Amino acid sequence: MPHLLRRLYLEIANGGFGPWRVVSLTDTGNWFSDCADIAMACHQFAAPNYPLPSGIVPLMDRGCAMWALIDFRTADGQMWDWDPNLCCLPHALAPLEQSLAQWLTDWLLDTMPQGPYQHRELATKDCPGL
């Protein structure tokens, strides 16, 4: 787990912080998405229809099937976006090319989009959803 995220969970709260409220590490009884905790969110994405690379972990439910995800393999917690509304499931996942700290800064400065990210690369022309 990236260091900043570990500190937030340990020093701020076990979920419920951030722009759409981070899912809890453990079931606290307060659900911040359709998932009780981060393990349930990971299990939801482990289904064959949701192919996530190893180390990419669901972090926040943005609504309308959109999720913010974090890369546990990177020290700074590179952020990823899951948005199947842009095209299709094979193209739903995309890197945001910003760290957790940068992503949270966008939230604090109120520059984070409510819908799709504007800089997100849309699906390729071979997408079956086009």
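Bear in mind the structure is a predicted one, so any value in this text is a computation, not a measurement.
Criterion: ILVMFWY side-chain heavy atoms under 4.5 Å apart, direct or through other members. Under it, L4 and L108 are part of a common hydrophobic cluster.
Within the 4.5 Å cutoff, the side chain of V57 has no heavy atoms near those of the M1 side chain. Between L52 and W82, the closest side-chain pair of non-hydrogen atoms falls below 4.5 Å. Using a 4.5 Å heavy-atom threshold, the side chains of M60 and W103 count as touching.
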Inset, instruction - Walk me through it: do Q98 and T105 pass the test side chain to side chain contact (heavy atoms under 4.5 Å, CB included)? - result: CA-CA 10 Å; Q98 61 183 165; T105 299; over 6 Å; no
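Looking at residues two or more places apart in sequence or on another chain, you find a side chain to side chain donor-acceptor pair (under 3.5 Å) between R7 and E11. Checked against salt bridge (Lys or Arg N to Asp or Glu O under 4.0 Å), R73 has the following partners two or more places apart in sequence or in another chain: D71.
A pairwise comparison of heavy atoms in Q102 and E97 identifies OE1-O, 4.4 Å as the closest pair. Shown here for A41 and P58, the closest heavy-atom pair between the two residues is O-CG, 3.6 Å.
The existence of a salt bridge linking R62 and D81 is confirmed by a sub-4.0 Å separation between a basic side-chain nitrogen and an acidic carboxylate oxygen.
Side-chain N or O atoms of S99 include none that pairs as donor or acceptor with a backbone N or O of G77 at under 3.5 Å.
Summarising the geometry, atom CH2 belonging to W80 is positioned 9.5 Å from atom OG1 belonging to T74; distances are rounded to the nearest 0.5 Å. With rounding to the nearest 0.5 Å, the separation of CG in L100 from CD1 in I70 is 4.5 Å. Residue I56 holds its CD1 atom at 10.0 Å from CE of M79, rounded to the nearest 0.5 Å.
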